Amino acid sequence: MVRQTVAFVENRKGIMWQMTAALRREGICICGMSTVDSPEFGIVRMIADKPDEALRSLQTAGFVAKECEVIAVRMAKPEDMEFILQVVQDGNVNVNYFYSSFGSDLRSPILILNAADMEETEAMLLGHGFVCLDSVS
């Protein structure tokens, strides 16, 4: 599993720039990002090459941020996303959310997912021959 940084942000002009600028100043590379918004607030989920520094940098910049683990599955073929989702469907696992990303090597896409039972889900995917990553850097 990899560590994901999650920030809760006010939905206002310039907030994403402020967030990414804070990370850039610290030399942190964002390898993947997903945003969800509502009229007032948003949730930004990201995979960074330096998760400890990303969390600290965002908190220092005044963002409410935390960290959690997600499963990062390498997709070798275009149809792998469907196959990954089929495995979890067949295993009767609820996927809370997912998004795609690229590791810092940019070789192939990575599916980032959060599920009800992370360890069971990762074991299922490994059992079906998928490669689950420990980091994206």
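Any value given below was found using the heavy atoms of this structure, including those in side chains, with hydrogens, waters and symmetry copies removed. The structure presented is a predicted model; accordingly, all values stated were derived computationally and were not measured.
A chain of hydrophobic side-chain contacts below 4.5 Å, direct or via other Ile, Leu, Val, Met, Phe, Trp or Tyr residues, connects V131 to I112. Grouping the Ile, Leu, Val, Met, Phe, Trp and Tyr side chains by contacts below 4.5 angstrom, directly or via other members, places L113 with V93. Under a hydrophobic-cluster definition in which Ile, Leu, Val, Met, Phe, Trp and Tyr are linked whenever side-chain heavy atoms come within less than 4.5 Å, directly or via other members, L55 and F63 are assigned to different clusters. There is a path of hydrophobic side-chain contacts, each under 4.5 Å, that joins V73 to L85. Using a 4.5 Å cut-off between side-chain heavy atoms of Ile, Leu, Val, Met, Phe, Trp and Tyr, with links allowed through other members, M75 and F83 fall into the same hydrophobic cluster.
The distance from the SG atom of C132 to the CG atom of L126 is 4.0 Å, given to the nearest 0.5 Å. Residue I110 holds its CD1 atom at 10.0 Å from OG of S100, rounded to the nearest 0.5 Å. From M46, atom CE reaches atom SG of C31 across 11.0 Å, with rounding to the nearest 0.5 Å.
Taking all atoms of both residues into account, the shortest heavy-atom contact from A54 to A48 is CB-CB, 3.8 Å. Closest heavy-atom contact between L58 and A7: CD1-CB, 4.4 Å.
Every salt bridge (Lys or Arg N to Asp or Glu O under 4.0 Å) that R3 has, sequence neighbours left out, goes to D52, E67. Every residue two or more places apart in sequence or in another chain that forms a side chain to side chain contact (heavy atoms under 4.5 Å, CB included) with Y97 is listed here: Q4, R45, C68, V70, Y99, N114. Applying the side chain to side chain donor-acceptor pair (under 3.5 Å) criterion to D90, with sequence neighbours excluded, gives Q86.
The side-chain heavy atoms of I43 and F8, taken from C-beta on, include a pair separated by under 4.5 Å. Counting heavy atoms from C-beta on, the side chains of N96 and N94 come closer than 4.5 Å. Residues I47 and I30 form no side-chain contact, since every pair of their non-hydrogen atoms from C-beta on lies 4.5 Å or further apart.
Within 6.0 Å of the CD atom in E40, the count of heavy atoms belonging to other residues, nucleotides or ligands does not exceed 12.
For residues 12-21, the salt bridge (Lys or Arg N to Asp or Glu O under 4.0 Å) pairs, not counting sequence neighbours, are E10-R12.
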Checklist line | Audit row: V87, F130, side-chain contact (heavy atoms from CB on, under 4.5 Å) steps and yes/no | finding: CA-CA 10 Å; V87 167; F130 289 102; 4.0 Å; yes

Item checked: Full working for side-chain contact (heavy atoms from CB on, under 4.5 Å) between V6 and V44 -> CA-CA 6 Å; V6 181; V44 179; over 6 Å; no

Ignoring hydrogens and angles, write down the donor-acceptor pairs under 3.5 Å from the side chains of residues 116-124, residues two or more places apart or on other chains.
unit_1: D117; atom_1: OD1; unit_2: E119; atom_2: N; d: 3.4
unit_1: D117; atom_1: OD1; unit_2: E120; atom_2: N; d: 3.1
unit_1: T121; atom_1: OG1; unit_2: D117; atom_2: O; d: 2.7
unit_1: E122; atom_1: OE2; unit_2: M1; atom_2: N; d: 3.2

Show the atom names and distances, to 0.1 Å, of all donor-acceptor pairs under 3.5 Å that link a side chain in residues 15-28 to residues at least two apart or in another chain.
unit_1: T20; atom_1: OG1; unit_2: M16; atom_2: O; d: 3.1
unit_1: T20; atom_1: OG1; unit_2: W17; atom_2: O; d: 3.2

